[in-house]
Each structure stands twice: as structure tokens, then as C-alpha cells.
Amino acid sequence: MTSSESIFRKRIRKFTRLKRGYWSFLLIFGAYFISFFLPLIANSKALVVKYDGHYFFPISGAYHAATEFGVNAIGEADYREIDRAFETEGRGNWVLMPLIPYGPNEPLLDATGSPPNPPSRAHPMGTDDRGRDVLVRLAYGFNISMTFALLVTVIGEGFGIAIGALLGYFGGKLDILGQRGIEIWSSLPFLYTIIIISSVIVPVYLPGQYQLFQPSFWLLVVVLAVFDWMGITYYVRGEFYREKVKDYVAAAMASGVSDTGIVFKHILPNALTPVVSFAPFVIVGNIGSLVALDFLGFGLPAPTPSWGELIGQGMSNLTKWWLVVFPNGVFFLTLLLVVFIGEAVREAFDPREYSRLR
Amino acid sequence: MTADAKAAPVLDVRDLHVEFTTHGGVVKAVRGASFSVAAGKTLAIVGESGCGKSVSVQSIMGLIPMPPGRITGGAALLHGTDIVRRKIVDGDDVRGNRIGMIFQDPMSSLNPTMKIGDQIAETLEVHRGYSRAKARARAVELLTQVQIPEAEERSQQYPFAFSGGMLQRAMIAMAIACEPSVLIADEPTTALDVTIQAQILDLLAELQRKNGMAIVLITHDLAVVARMADEVAVMYAGEIVERGAVEDVFDQPAHPYTLGLRGALPSRSTERAGLNPIEGAPPDLFAPPTGCGYFARCAHAMRVCEQHHPQQLPVAAGHAARCWLHAPDAPRTHPAIQHRVRR
């Protein structure tokens with residue numbers, strides 16, 4: 001007999017046995033991990049350029065004028081163009097482009113016809129109304145959506161756990177006043193408030209200075225988190241009320257453990273089940289919120305690749321099926337997979353299996 | 001023995017009053033409890049459910065939720081210093097350091113998300129400032145001391161891998177980690193099997209012999225009292241109604257309630273079948289009676305008992321009871337005497 005497995009470990013092991021949820025988890029977080037390397041996969045800048053015996057790495061962000069590669073053009077080199085040029089020249093110069101040689105914010109106006117262009121071999125999901133590759137924008141948008149949802153979830157839940165723990169542990173007047181405060185805060189219409197905030201916070205310039213204040217990713221994260229912490233407080237508060245009267249808390253008090261020690265080391269690990277079980281659904285909600293805000297035009301500043309903005313384009317170009325089907329399809333699929341994760345997490349954390357009849 | 005206890009009590013609780021404010025009114029849960037225990041001795045507090053046994057010791061340990069609880073009076077002197085409502089005395093933490101406590105249900109007294117060894121080590125880290133590694137090593141020693149086999153591996157396990165008896169041993173290890181001078185055991189064997197009960201009691205007695213701590217044992221099991229205690233305090237309706245050396249209280253109960261408790265014990269003899277409970281119920285502690293709390297149930301009640309609250313009256317050396325029957329001018333219906341006649 002060696003060291004025993006903690007309940008948490010057991011639950012994780014059970015989670016890995018729930019195939020649908022576990023595979024959804026691997027798929028979503030595998031894709032999320034890969035999406036951090038998107039600049040290497042889908043980009044308009046070359047990975048490596050060999051020109052006249054020298055190697056260049058434009059992917060690192062270095063600026064190379066077109067003239068550096070012997071192309072008579074103004075501004076930065078167009079690596080796709082150079083690639084074609086080098087191939088026809090056949091002088092041993094070459095360009096290694098990423099797998100998808102298009103950037104997320106790059107208007108591809110050289111295609112035949114006017115944008116939005118339907119799916120083609122070069123652009124399997126077509127281009128949007130500014131000629132940007134839909135596949136690339138969806139891929140970059142996935143990273144942004146997930147990062148955004150995870151950040152809002154972590155910040156919002158963290159704050160909610162702290163408040164819920166405080167109310168539940170100390171109880172009394174603090175609890176009553178705190179709960180009323182939360183109820184008032186919850187009754188603010190979230191979407192309208194955000195729309196108002198987003199329309200008030202406009203880019204502010206000071207004369208002769210750079211931009212001071214503008215709607216940004218981080219601002220939106222904070223604003224959404226501010227409206228996203230109330231739900232979990234009820235559960236954490238309830239858990240704390242239930243756990244704090246248990247004997248192990250009395251035993252910890254009798255051993256002289258401080259209030260902070262009792263709250264964080266003793267009660268909190270026993271009160272996290274609802275937090276973990278709800279987290280995937282909170283993530284779903286936050287992805288949805290961002291998409292909704294972007295769709296309405298109050299979200300991330302243009303030209304950030306965002307799903308909501310693409311869905312909005314589909315709305316205004318209903319006849320361009322690829323702008324309707326692909327963004328909505330990807331959105332739906334992502335939410336579905338995260339819900340599958342949530343379902344499995346809930347199943348794995350079901351306490352019935354480990355409870356004793358008393 | 002009782003003379004020793006009087007001479008140097010480690011823990012001396014004097015006239016403790018505890019109240020709880022509820023929606024139904026104020027419950028006077030403890031109404032002037034006094035008891036003391038000397039080093040190396042065991043005091044058993046006995047009484048039925050709801051008589052204030054646990055509340056008394058919990059208020060000493062600061063485990064009463066306030067509000068609704070309130071300690072309205074009295075003192076608990078540990079080595080002569082009052083520890084009620086105080087966390088630190090003479091620069092030393094009291095709880096867990098100078099007084100240890102074990103609880104009734106070992107299954108729920110340990111944190112299910114912490115390893116046993118870590119829970120014991122935590123006490124040492126808090127009070128002794130031990131490093132994590134040193135505290136863990138000491139925790140393994142303590143587990144060995146409370147006779148847990150393979151203590152090294154066991155300390156790395158979670159509570160659900162332990163049986164009830166082993167959890168209570170781990171609890172004891174946690175309570176004695178800082179070598180307290182008083183160990184409070186709140187019904188330590190009630191939730192355990194009879195065979196395990198005996199082992200736990202033996203363990204407590206052995207630890208007491210080794211480090212000379214005083215034990216306050218709360219129980220309603222008179223067999224446990226007979227086995228463990230040096231002195232007994234019988235509690236009824238928030239008061240200590242009788243106290244004395246264990247043989248005195250058992251052989252010559254001086255309070256009719258103690259007599260009733262003894263009578264209620266199932267007997268192995270064949271002369272009477274079934275149980276012999278005390279009739280009636282304890283008084284309403286929302287409005288405690290002005291007279292004796294046992295008046296309504298007492299077979300020896302007198303007129304004085306209804307209106308006048310009995311004082312602690314001496315019965316013999318080191319033996320006292322809160323009963324008017326022991327007043328000098330009481331009629332000669334001493335329950336103990338009657339008991340002896342009946343036997």
C-alpha cells in the first residue's frame with residue numbers, strides 16, 4: 001500500500017474515461033495550443049528567404065523592403081510575389097512560405113471578381129467583403145475567442161470565488177448586505193451596459209501624443225469579467241455555508257489554524273466542485289458574449305479577426321453562403337465541443353460515487 | 001487524589017455561562033458550569049444529549065459561532081490564566097498548542113482533500129514554526145506513536161483510505177502534536193465499534209501516562225467513564241449537578257439524577273427485564289426553571305426544590321451535589337442511602 005490517490009485525481013481519471021468529453025477536450029485544447037503557432041502556419045510573411053546566398057527570416061518581424069530582394073516595388077516585400085519571381089528566375093534563390101500564405105488582415109484584391117470571393121483552391125472558405133481569407137480569419141479568431149473566454153472566466157470566477165467565500169465563511173450582516181449588493185449588480189442589463197460603455201469609450205487623442213485610451217482586448221476582458229462573477233458566488237457561498245460547520249473545520253480551528261488557512265487550505269478545496277463543473281459552460285457563455293458584441297459592432301476594435309464580425313458579414317451578405325455557413329459552423333462546433341467537455345466534467349465530478357450513506 | 005486535583009488544576013473552569021440567540025429566544029445552554037482537572041488525571045463530563053457538555057468545552061476552545069453564541073460569564077483558567085475569548089496567552093497560542101481537542105466523528109473530522117500527514121504537520125507548522133519537511137517527519141513519528149502501522153506510507157494517504165478507528169488515531173496524533181497540557185475529547189468513541197472503542201481508550205490512557213496531560217472526556221457512556229475517569233462531573237440542564245471521584249459518584253450517587261442515570265443502565269441481572277428510563281424530559285432552556293432543573297422529574301422533590309435553586313452542597317470529601325437533599329436540615333431521604341437499602 002503506497003500513497004493514495006486524491007479525490008481530484010480520481011475525478012480526472014474518470015474524466016479521461018468519458019470518451020466524448022475527453023476527446024472534445026483534447027481537440028479543443030490541442031487546437032488552441034496549435035493556434036498560438038498560427039503566425040508560422042498562416043501568414044503573408046515568408047518563413048525563410050534565400051537570396052544571393054544570404055538567408056532572411058521575415059517571420060521574425062524584421063522589415064525587408066522589396067528592393068532588398070531585387071524587386072522593383074515600393075514598401076515591404078510581397079513574399080508571395082517574390083516566391084513566384086524566384087521560381088521563374090531559377091537562380092537558386094528561394095522563398096519558404098507558411099502552409100497558408102495569407103495573413104489575417106490582408107486584403108487579397110488580386111483575385112478575379114470583386115470580394116467576397118467564393119471558395120476556391122487558394123481560399124477554401126472564400127474571402128470576406130474586404131477580400132480577406134475567411135479560413136485564416138476564423139483560425140486567428142479561434143485563438144482570440146478562446147483566450148478571451150478563458151481570461152474572462154479566470155478573472156470573473158476568481159473574483160466570484162473570493163466574494164462567495166467571504167460571504168459564506170463570515171456570514172451574518174456581511175452576507176446579507178453582500179448578497180443584496182450582488183442582486184442589485186446582477187440586475188443591471190449586461191449587454192446594454194456593455195454597449196453603453198463601448199460607445200462611451202472611444203479613442204481619445206491628446207494633441208501631439210499617441211492614442212491614449214481606446215476600446216481594446218484587455219478593456220473588454222475587464223468589462224466582461226465585471227459582469228461575470230455573480231453567478232458563481234451563490235454556489236461558493238452555499239458550499240462554504242455547508243462546509244464550515246463540518247467537523248474538520250472545527251478540528252482545524254481547534255488546532256489553531258488561522259481564518260485564512262481555514263478558508264484557503266481547508267474549505268476552498270472542498271468547495272470547488274461547482275466551480276469546476278460550471279467552468280466549461282461559463283467559457284461557452286463568454287465565447288458567445290464576445291461573438292455577440294463583435295456581431296453588434298461593440299466588441300474588439302477592427303481589424304481584429306473576430307467570429308462575430310464575420311457572422312455579421314454573413315448577415316449582410318446572405319447570398320454569399322460561405323460567409324454564413326463557415327463562421328456559424330465553426331462557432332457552433334466550438335461551443336458544442338466545449339459543452340461536451342462540460343458534460344463530462346460534471347459527470348466526473350458527480351459526488352454520488354464517493355459519498356457515504358450517513 | 002481529589003486533594004491533588006484541588007491543589008494544582010491545569011484547567012479550572014469557573015461559573016461558565018453560554019447563551020445562544022435563536023429565532024425562538026435565548027437558549028441558556030450552559031448555566032454556571034464549574035469543573036477542574038489536574039495534570040495526569042481524567043475528568044469525565046457525563047450527561048444526556050443537549051445538557052451542555054459539548055457547548056461547555058467548545059466555548060473554551062473558541063469553537064462557538066458568535067453570534068448566535070455568546071459567553072456571558074465565567075472563566076476557564078489554564079495554568080491560572082483565563083483563556084476564554086483569547087487566542088494567545090503569554091505569547092503562546094492556546095488552541096492546538098496548549099489544549100488539544102478530538103471530536104466525535106473521525107470520519108468527518110479530517111479534511112478529505114488533505115493528506116493525513118499534512119494535516120498533522122500543519123499544526124506543527126502553525127505553532128512550532130517547523131519547516132514543511134521537519135513537520136512531516138514529526139507527523140510520521142506521531143502516527144507511529146498512536147500505533148498506526150506503516151506510518152510513513154499512511155501519512156501520504158487521504159482520509160478516505162483510513163478506517164474509522166485509524167482516523168480517530170490520526171485525530172489524536174493531530175491533537176497531541178504540540179504536546180498540550182490538556183486534551184479535550186468530545187465523545188471520542190461514540191462513533192466507533194466497541195472493539196475499536198477499547199483500543200482508542202487504551203491509547204488515550206497510555207499517552208496520558210507518557211506525557212502527563214490532563215484529559216477532559218465528554219461522554220454519555222458510563223462504561224467509558226468507569227474505565228477512564230478519575231473524576232466525574234455529571235451535567236444536567238446546563239449545570240454540573242454532581243462532581244466527585246469516580247468511585248464515590250458511582251457507588252454513592254448523591255444527586256437523584258445521577259441515581260436515575262445509573263438506574264437507566266441496562267442490567268445483566270435477570271431480576272428486571274427491559275430498560276428503566278428516567279421519566280419526563282429535561283427543562284426548557286429558553287426559560288430555565290427558577291428552582292432545581294430536575295424538579296419535575298425527581299422522585300425526591302421537595303417544596304424548596306420548586307422555587308429555590310440548589311447550591312453546590314458537600315456530600316463527602318471531594319464530592320458535592322447540587323441538591324437540597326444535602327442541606328443540613330433536609331429530611332432524611334438521601335437517594336444514595338435509599339439506593340443502598342434497595343440493593
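All of these numbers come straight from a predicted model, not from anything done at the bench. Lettering follows sequence order; numbering is per chain, from 1.
In this structure, the separation between CG on A:Asp247 and CD on B:Gln104 is 8.0 Å, given to the nearest 0.5 Å. Atoms CD and OG1, from A:Glu243 and B:Thr113 in turn, are 8.5 Å apart once rounded to the nearest 0.5 Å.
For CZ of A:Phe36, the number of neighbouring non-hydrogen atoms (other residues, nucleotides, ligands) closer than 6.0 Å is greater than 12. Within 6.0 Å of NZ on B:Lys210 lie more than 12 heavy atoms contributed by other residues, nucleotides or ligands. Heavy atoms from other residues, nucleotides or ligands lying under 6.0 Å from CZ of A:Phe142 number more than 12. For A:Tyr22, the OH atom counts as loosely surrounded, since its 6.0 Å shell holds 12 or fewer non-hydrogen atoms of other residues, nucleotides or ligands.
The side-chain heavy atoms of B:Ser108 and A:Tyr248, taken from C-beta on, include no pair separated by under 4.5 Å.
Across all their heavy atoms, B:Phe103 and A:Ala254 have their closest contact at CZ-CB, 4.1 Å. Residues A:Ala251 and B:Met174 approach most closely at O-CE, 4.3 Å, considering heavy atoms.
Evaluated for a side chain to side chain contact (heavy atoms under 4.5 Å, CB included) with A:Ser255, the options B:Thr123, B:Val126, B:Leu124 yield exactly one hit, B:Thr123.
Heavy-atom distances place no part of A:Lys244 under 4.5 Å from chain B, backbone and side chain included. In this structure, chain A has a heavy atom under 4.5 Å from the backbone of B:Ile99, while its side chain stays farther away.
Contacts classified as side-chain hydrogen bond (donor to acceptor under 3.5 Å, both in side chains) and involving residues 177-186 of chain A (residues at least two apart or in different chains) are given here: A:Gln179-A:Arg237, A:Arg180-A:Glu183.
Heavy-atom pairs under 4.5 Å with chain A peak, among B:Asp118, B:Leu63, B:Asn111, at B:Asn111. Highest contact tally toward chain B, considering only A:Ser258, A:Pro269, A:Gly256, is held by A:Gly256 [criterion: heavy-atom pairs under 4.5 Å].
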Would you please test B:Phe160 and A:Lys10 for side-chain contact (heavy atoms from CB on, under 4.5 Å) and show each step? CA-CA 12 Å; B:Phe160 56 79; A:Lys10 277 190 180 167; 3.5 Å; yes

Starting from the C-alpha separation in whole Å, work towards a yes-or-no answer on side-chain contact (heavy atoms from CB on, under 4.5 Å) for A:Met253 and B:Arg95. CA-CA 8 Å; A:Met253 282 178 178; B:Arg95 284 99 179 125; over 6 Å; no

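Scanning for side chain to side chain contact (heavy atoms under 4.5 Å, CB included) contacts around B:Val27 gives B:Phe20, B:Thr22, B:Leu285, B:Phe286, with sequence neighbours left out.
No donor-acceptor pair under 3.5 Å is formed between the side chain of A:His266 and the backbone N or O of B:Met114.
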